[in-house]
Amino acid sequence: MDVSADIDVDLLIAGAGPAGMTAALVASLEGLDVLLCEKSGQIGGTGSTSAGTLWIPGNSQNRSAGFNDSVAQANRYLDALIGEGCNRDVRDAYLQTGPAAIDYLCERSDVQFLPCGAHPDYRSNMPGAAIAGRAIVPAPFDGRLLGADFRRIRPPVPEFMLFGGMMVGKADIARLIGRFKSFGNFIYSAKLFMRYLADRVKYPRGTRLMMGNALVARLFYSLRRRRVPIMFDAAIADLVGDRDGVTGARLKCGGKDILVRARRGVVLATGGYGHNKDFRSAFMPQPVPEYSMSYEGNQGDGLEMGRRLGAACAPEQSTSGLWTPVSVVPRPDGTKGLFPHLVLDRAKPGLIAVNSTGRRFVNEAASYHDFVLAMFESNKASPSIPAWLVCDAAFIAKYGLGVVYPGHRNPGKFVESGYLASARSLEDLAHKIKVDAAQLRDTVTRYNRFAATGVDVDFGKGETELNRFNGDADHKPNPCIGLVTTPPFYALAVWPADIAVSTGLATDSDARVLRDDGKPIRGLYACGNDMASVMAGSYPGPGTTLGPAVVFAYRAVMHAKTSVPWVG
Ligand SMILES: Cc1cc2nc3c(=O)[nH]c(=O)nc-3n(C[C@H](O)[C@H](O)[C@H](O)COP(=O)(O)OP(=O)(O)OC[C@H]3O[C@@H](n4cnc5c(N)ncnc54)[C@H](O)[C@@H]3O)c2cc1C
């Protein structure tokens, strides 16, 4: 969209991630005159590199697939996890609106979701937790439908693609690994590969989009079909108004300053403060974690602008982020990638995590968020950042580790690049990674005894549904505990990184931004990671940020639609 003069709209939305695009789509479907501005030249933000899962208790997609869940049960779970009084109104609004917001999108747009079925909550042993039925994922999307606009979709991180550009989903992985084990798997894998080859003749990467990339592509496609105006390379720079109300915003667009007057308000969806050093120092635990997995353009612009107008920040008591351990991957071009250790390796049998003393400090199969919270806690007593994932040759061959995929023929390549440390004995490995050698030997000996009994008396690895879900069901007696005995031994450093921030602008249940005195700033909304996490910094289950991002984008627009328009 080309612009040279000031613009008048009903609703201005800033940021074309999942939150902002949902808001723009709902606004268009509700007949509002909407403008979406995006700071970069591509849509998707962090959402495009995400797994794309949404946590929507009581959703109809899972119910239709035979998985029963209820909002009441989810409420029980959140009461236990984050406290009964905490964020009650906002949380109730989220749970009550979630299924309807998703059905609304599915019925009226190309945004389509599939049930995940079994996908345990992250504290699956708490009252009200579900083992199945709460998570949904976007249906895969054919990027070819977007034509030239395909290049506008921010790609996933390279470490998550095969052959430099092919996306695969969870279901694909098992079939690709077992491609020589059954004729069906072989044909399936061959078809994927042929499609990818055909794509590469015309496109810079594969067009079979999965997970978060499918979500943002579906939102974008729906916006294009409705001809919703999107301004690229257009950053919201300042809000127009004061602590009582907002009437528009100033955009910076290709060297021009543009005034947008917004009759029904402005929705901030600029992705949170993941790459803003000052906010990281102000909100995050000390020492401030170095790495963020959020999109590098997420500089806290929405938060900054809201605060300039007197908006409050929340939640006050949290670690301010939703965390994952990451390993740092040296890339051939000299840059570094971050690989999130979400579900593939930590819970498998035959891997331990130790700190610099050579001791375990956590149930390795805990959720990625809880794993990092344990790193923070352990680091208060002994250096635990980085922590080390330690395993043996048999483990790597069977399950892989980080970017070393299962069955990789040459793990030595990753030792040469500096990604992995390796040694024939545990003592030598300990010296290489500067960990207490005698203690590491003792830790492994003790853990190997747990492998025989199946009981981890120290941290209870393998005791929860979540642990077992990500373990190896064929491994007995405990799907998450196995021997560490076959040299060479390997160690991989992992660091805390935020996949999303949880501190953001305080809002009410309609995503209206609140001032310090608790009153809303008229015409100002926040959603996605610009909005304070409804979970108050806790991580209940898969889809904890995208679920609320979509639901509060929907609620913001439904509120703005009924508000009295400002007339300048
Ligand atoms: C590896 C990984 C896996 C993940 N998996 C999941 C998952 O399965 N489920 C889940 O719930 N969460 C997941 N997340 C987190 C999730 O991706 C984010 O929480 C989510 O994308 C936040 O959405 P958003 O719209 O707020 O921000 P983003 O998706 O980051 O989008 C923000 C957009 O705003 C734009 N922007 C920034 N500043 C401005 C400005 N001044 N003006 C205009 N535009 C601006 C940015 O360019 C960007 O396009 C994952 C994250 C990672 C890294």
Side-chain angles (χ1 to χ4, degrees), residues 12-24 35-56 116 119 135-138 152-154 156-157 159-160 170 211-213 215-216 219-220 230-239 249-253 266-276 291-305 321-324 326 338-343 368-369 497-502 504 526-531 533 535 539-553:
L12 170 67
I13 291 155
M21 286 195 290
T22 302
L35 172 65
L36 174 61
C37 71
E38 162 56 45
K39 179 153 109 176
S40 72
Q42 288 183 308
I43 62 97
T46 317
S48 60
T49 61
S50 76
T53 311
L54 277 68
W55 195 74
I56 306 285
C116 281
H119 205 332
I136 52 172
V137 283
R152 289 281 190 194
I153 302 175
R154 188 169 176 248
V157 283
E159 285 74 22
F160 272 15
K170 212 173 169 186
M211 302 186 284
N213 225 248
L215 175 65
V216 298
L219 283 161
F220 185 42
I230 305 176
M231 279 173 74
F232 286 101
D233 302 305
I236 186 167
D238 218 349
L239 294 165
R250 290 197 175 78
L251 309 186
K252 290 243 177 268
C253 180
V266 176
V267 181
L268 297 172
T270 67
Y273 70 86
H275 287 276
N276 181 308
Y291 299 112
S292 173
M293 288 217 71
S294 81
Y295 171 52
E296 56 270 20
N298 293 352
Q299 302 278 347
D301 297 352
L303 195 53
E304 181 87 56
M305 277 177 274
L322 300 168
W323 302 94
T324 181
V326 292
L338 297 178
F339 183 89
H341 293 254
L342 299 170
V343 293
Y368 34 93
H369 179 69
D498 46 291
I499 58 169
V501 291
S502 52
C527 55
N529 288 341
D530 278 356
M531 171 185 171
S533 168
M535 306 304 174
Y539 209 132
T544 290
T545 63
L546 288 173
V550 167
V551 173
F552 286 106

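In this text the structure is predicted, and so the values were computed from the model without any measurement. Both counts, for ligands and for their atoms, begin at 1 and track the order of listing.
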If we set the cut-off at 4.0 Å for heavy atoms, which region of A234 has an atom near ligand 1: side chain, backbone, both, or neither?
backbone
Would you say H341's side chain and V326's backbone share a donor-acceptor pair under 3.5 angstrom?
no
I need the nearest protein heavy-atom contact for atom 42 (N) of ligand 1: residue, atom name and distance, please.
I236 N, 3.0 Å
May I ask you to check if R152 and F232 form a cation-pi contact, with NZ or CZ under 6.0 angstrom from the six-membered ring centre and within 45° of the axis?
yes
How does P542 reach ligand 1, by side chain, by backbone, by both or by neither, if only non-hydrogen atoms under 4.0 Å count?
neither
For atom 22 (C) of ligand 1, the option (of N529, L54, V550) bearing the nearest heavy atom:
N529
What are the two closest heavy atoms between I153 and Q42, and how far apart are they?
O-NE2, 3.4 Å
Going by the closest heavy atom to atom 49 (O) of ligand 1, which one wins out of E38, Q42, M21?
E38
Give a yes or no on whether the backbone of S48 and the side-chain of N213 come within a donor-acceptor separation of less than 3.5 Å.
yes
Hey, does T22 have a side-chain heavy atom less than 4.5 Å from the side chain of L219?
yes
Quick one: nearest non-hydrogen protein atom to atom 9 (N) of ligand 1, plus distance?
T53 O, 2.8 Å
Mind listing the closest non-hydrogen atom pair of A553 and A19 along with its distance?
CB-O, 3.4 Å
What's the spacing between L239 CG and L268 CG if we round to 0.5 Å?
5.5 Å
Among all protein heavy atoms, pick the one closest to atom 1 (C) of ligand 1 and tell me residue, atom and distance.
T49 O, 3.6 Å
So, 4.0 Å and heavy atoms of S48: is ligand 1 close enough to count as a contact?
no
Which atoms from ligand 1 have a heavy atom of I499 less than 4.0 Å away?
15 (C), 51 (C), 52 (C), 53 (C)
Shortest non-hydrogen contact between G44 and P18, atoms and distance:
O-CD, 3.8 Å
I would like to know whether V216 and M21 meet side-chain contact (heavy atoms from CB on, under 4.5 Å); could you show each step before the answer?
CA-CA 8 Å; V216 298; M21 286 195 290; 3.7 Å; yes
Best match, G271, A51, A497: closest heavy atom to atom 32 (C) of ligand 1
G271
Taking 4.0 angstrom as the limit and counting only heavy atoms of G47, give me the atoms of ligand 1 inside it, by number and element.
17 (O), 21 (O), 29 (O)
Run down the list G528, S50, A16, G547 and name the one with the heavy atom closest to atom 17 (O) of ligand 1.
S50
For atom 28 (P) of ligand 1, which of D238, T46, T270 has the closest heavy atom?
T46
Criterion side-chain contact (heavy atoms from CB on, under 4.5 Å) on T53 and L546, from CA distance to verdict:
CA-CA 7 Å; T53 311; L546 288 173; 6.0 Å; no
Keeping Q299 on the side-chain end and D301 on the backbone end, is there a donor-acceptor pair under 3.5 Å?
no
Polar-atom distance check: Y295 versus ligand 1, any N or O pair below 3.5 Å?
no
Does ligand 1 have an atom that lies less than 4.0 angstrom from a heavy atom of G212?
no
Can you report which non-hydrogen protein atom sits closest to atom 20 (C) of ligand 1, along with the distance?
L546 CD2, 3.7 Å
For A500, the ligand 1 atoms with a heavy-atom partner under 4.0 Å come out as 19 (O)
So if I count the atoms of ligand 1 from 1 in the order they appear, which ones are less than 4.0 Å from some heavy atom of T544?
11 (O)
Non-hydrogen side-chain atoms of P340 and Y368 separated by less than 4.5 Å:
no
Just do the side-chain contact (heavy atoms from CB on, under 4.5 Å) check on M231 and L35 with the steps written out, would you?
CA-CA 8 Å; M231 279 173 74; L35 172 65; 3.8 Å; yes
With a 4.0 Å cut-off on heavy atoms, is P18 touching ligand 1?
yes
Does the pair L12 and L251 meet the rule for a side-chain contact (heavy atoms from CB on, under 4.5 Å), with working shown?
CA-CA 11 Å; L12 170 67; L251 309 186; 4.2 Å; yes
Would S294 and N529 count as having a side-chain donor-acceptor pair, cut-off 3.5 Å?
no
Say whether P548 and ligand 1 are in contact under the criterion: heavy-atom distance to a ligand atom below 4.0 Å.
no
Atoms of ligand 1 close to C37 [distance to a heavy atom under 4.0 angstrom, numbered from 1]
43 (C), 44 (N)
To the nearest 0.5 Å, what is the distance between CG (L342) and OG1 (T324)?
4.5 Å
Any nitrogen or oxygen of N298, side chain or backbone, less than 3.5 Å from one on ligand 1?
yes
Under 4.0 Å to a heavy atom of A19 - the qualifying atoms of ligand 1, by number
25 (O)
Identity and distance of the protein heavy atom lying nearest atom 41 (N) of ligand 1
D301 OD2, 2.7 Å
Protein contact to atom 12 (N) of ligand 1 [nearest heavy atom, distance to 0.1 Å]
T545 OG1, 2.8 Å
Starting from atom 31 (O) of ligand 1, find the nearest protein heavy-atom neighbour and note its residue, name and distance.
G17 CA, 3.3 Å
Among Q299, K252, K39, which residue places a heavy atom closest to atom 45 (C) of ligand 1?
K39
Answer with yes or no whether G52 contacts ligand 1, where contact means a heavy atom under 4.0 Å from a ligand atom.
yes
Nearest-contact summary for atom 34 (O) of ligand 1 - protein heavy atom, Å:
G15 CA, 3.3 Å
Of all the heavy-atom pairs spanning M531 and A526, show the shortest one and how long it is.
CB-O, 3.6 Å
Go through ligand 1 atom by atom and flag the ones less than 4.0 Å from a non-hydrogen atom of G44.
29 (O)
Show me which atoms of ligand 1 lie under 4.0 Å from any heavy atom of M293.
53 (C)
Is the shortest heavy-atom distance from the side chain of P540 to the side chain of M535 under 4.5 Å?
yes
